[in-house]
There are 2 protein chains.
Amino acid sequence: MPTETFRNLPESKRLQIEHAAITEFAAKPLQSASVNAIVSQAGIAKGSFYQYFENIADLHSHILTIVSKKKLEVINSLPLDNANLDTFRYLRRVLQAAVEFQIRYPELASIERFERFYSDQPGSIDPETGERVGGDRRFHAFLTQGILHDDIATWVDVDMAAFMLGIVEGGIAPYLAERLGERASQIAAGELSIVDDSPIQDLFDNLMDILEAGLARDPQIRKDFYSK
Amino acid sequence: MPTETFRNLPESKRLQIEHAAITEFAAKPLQSASVNAIVSQAGIAKGSFYQYFENIADLHSHILTIVSKKKLEVINSLPLDNANLDTFRYLRRVLQAAVEFQIRYPELASIERFERFYSDQPGSIDPETGERVGGDRRFHAFLTQGILHDDIATWVDVDMAAFMLGIVEGGIAPYLAERLGERASQIAAGELSIVDDSPIQDLFDNLMDILEAGLARDPQIRKDFYSK
DNA sequence: GGTCGATGTGACCGTTTGGTCAGGTATTCT
DNA sequence: AGAATACCTGACCAAACGGTCACATCGACC
């Protein structure tokens with residue numbers, strides 16, 4: 001945790017340091033990040049750095065809280081078209097939020113991607129709860145709910161599908177952002193909202209249809225197998 | 001490219017060096033990998049290292065060729081149940097190969113994952129061809145063929161679906177390997193083949209059904225939209 | 001045995017790393 | 001004015017880094 005000295009810093013200086021750190025952590029994972037690069041970019045002495053943070057991992061975890069705060073902000077900024085979203089509308093919202101986040105804060109999205117990648121690497125088990133860690137726990141609950149609501153097919157292996165949605169959520173955002181091209185800059189500039197633009201929504205429609213209805217033209221679901 | 005000196009090395013020594021390098025590159029990306037760690041693990045002098053390789057990137061690219069060679073080996077080791085696989089059988093084969101590779105050569109799979117992650121990071125555009133790089137080009141052709149064969153729905157956005165399959169292929173293997181638990185060790189030991197074990201195939205059935213038929217219990221495909 | 005080219009070696013180099021710390025400065029309180 | 005407190009600073013440190021090179025060792029051929 002950052003020291004109180006850091007918390008008491010004038011905002012401009014604090015932002016300067018955080019900005020330098022974000023730039024560094026967006027380019028390199030924690031393992032390869034350099035204190036020297038950060039302090040020189042932020043324009044502070046190295047001694048000051050160690051008055052603010054215990055070490056570079058300390059700063060990194062501080063930046064991670066900023067990342068999740070900003071991400072939550074983006075999620076909540078998306079309009080709720082219904083008080084009660086059905087299952088797939090909710091999923092669409094989650095995916096839209098990921099893309100919006102990627103476009104508005106590409107550096108923060110990069111940091112998040114590094115973090116996901118490296119925390120998924122080892123056993124990928126939460127040492128406290130013993131459960132799988134990461135976004136798929138959220139999707140697990142989501143799918144279970146969906147089955148209860150008769151939205152999700154009962155034969156779906158919830159655990160596997162949750163994992164799949166997790167990696168799709170984490171991976172599709174940079175692709176979609178790139179694909180949006182010029183439009184992405186408009187969204188980043190606030191001139192356009194992701195939910196208002198019909199070409200963007202067409203893309204999401206297609207993505208959601210793939211998730212809902214699959215790729216096959218004429219799916220041969222082996223109902224017999226699953227009903228036994 | 002490794003020097004001729006390296007190519008002329010007695011096999012045991014060459015393997016020793018490659019093994020040390022594989023261990024290092026499976027744990028850290030190229031950026032963070034250390035020459036010192038490799039030479040000390042391989043039991044050679046640092047001077048020797050620089051007689052074999054120009055630098056660490058040179059060794060890394062050499063290891064990458066081993067990775068893809070071994071991966072190809074795994075792919076070809078899977079039995080061809082049909083000379084002409086239909087679209088989804090082919091896809092199943094690709095995914096099975098990814099899992100088999102993950103189980104038999106977890107270190108090589110880790111190296112591959114690092115490589116995919118870092119080469120996807122920047123623009124993710126091949127500077128020579130101008131096309132998207134990575135496994136999704138293969139899936140692009142695969143989906144196009146599938147549409148021609150009436151296996152894949154015509155409304156599917158081929159480019160996006162190809163990207164999605166790419167990230168699923170890259171991400172699902174560690175999950176499935178972990179989920180197979182004890183069985184995975186048997187496969188790694190060669191006591192069991194991935195295609196012969198019915199619990200494993202059940203998992204693949206479910207995965208393929210999700211890809212083919214989607215998650216929804218009663219998909220509401222907007223045919224009107226796509227036909228216009 | 002002697003020569004010669006190929007290969008192996010680790011001390012050594014300059015640079016960069018994370019981290020420390022004695023000392024300077026700025027502000028506030030008495 | 002003087003003391004106290006908080007903060008800032010960059011020279012400095014040991015360790016690790018990638019990379020070099022003079023020299024040792026080896027095997028093959030004459």
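Every chain is numbered from 1, with letters handed out A, B, ... down the list of sequences.
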Can you tell me how far P of D:dA16 sits from NZ of B:Lys28, to the nearest Å? 12 Å
Distance-only, no hydrogens or angles: does the A:Asp157 side chain make a donor-acceptor pair with backbone N or O of B:Asn206 under 3.5 Å? no
Indicate whether OP1 or OP2 belonging to D:dA16 is found under 4.0 Å from a side-chain N or O atom of B:Asn36. no
Whole angstroms only, please: what is the CD1-C1' distance between A:Ile38 and C:dG18? 12 Å
Could you check how far CD of A:Glu4 sits from C1' of D:dA6, rounded to whole Å? 12 Å
A:Tyr52 vs A:Phe6 aromatic rings, parallel, tilted or perpendicular, using cut-offs 30° and 60°? tilted
Can you list everything that forms a side-chain contact (heavy atoms from CB on, under 4.5 Å) with B:Lys70? Sequence neighbours excluded, please. B:Ile66, B:Glu73, B:Phe101, B:Tyr105, B:Leu108
Got a sec? Which of residues 42-56 of chain A come in under 4.0 Å of DNA chain C, heavy atoms? A:Lys46, A:Gly47, A:Tyr50, A:Asn55
Most 5' of A:Ala33 and B:Leu9 on DNA chain C, judged by nearest nucleotide: B:Leu9
Quick one: label A:Ala57 by what it contacts on the DNA or RNA (base, sugar-phosphate, nothing), any heavy atom closer than 4.0 Å. nothing
B:Ile63, B:Val67, B:Thr23 screened by side chain to side chain contact (heavy atoms under 4.5 Å, CB included) with B:Glu107, the one that passes: B:Thr23
In whole angstroms, how far is the P atom of D:dG18 from the CG atom of B:Leu30? 11 Å
Please report, rounded to the nearest Å, how far the P atom of C:dG18 is from the CG atom of A:Leu59. 12 Å
Salt-bridge contact A:Arg93-A:Glu100 (side-chain N to carboxylate O under 4.0 Å): no
Rounded to the Å, how far apart are B:Asn8 CG and D:dA28 C1'? 15 Å
Looking at A:Glu191, I want to see if its CD is surrounded by more than 12 non-hydrogen atoms of other residues, nucleotides or ligands under 6.0 Å. yes
Could you tell me how far apart A:Ile17 (CD1) and D:dC8 (C1') are, to the nearest whole angstrom? 11 Å
Output the rounded distance in Å from CZ (B:Phe6) to P (C:dG8). 11 Å
For the pair B:Thr144 (side chain) and B:His140 (backbone), establish whether a donor and an acceptor sit closer than 3.5 Å, ignoring hydrogens and angles. yes
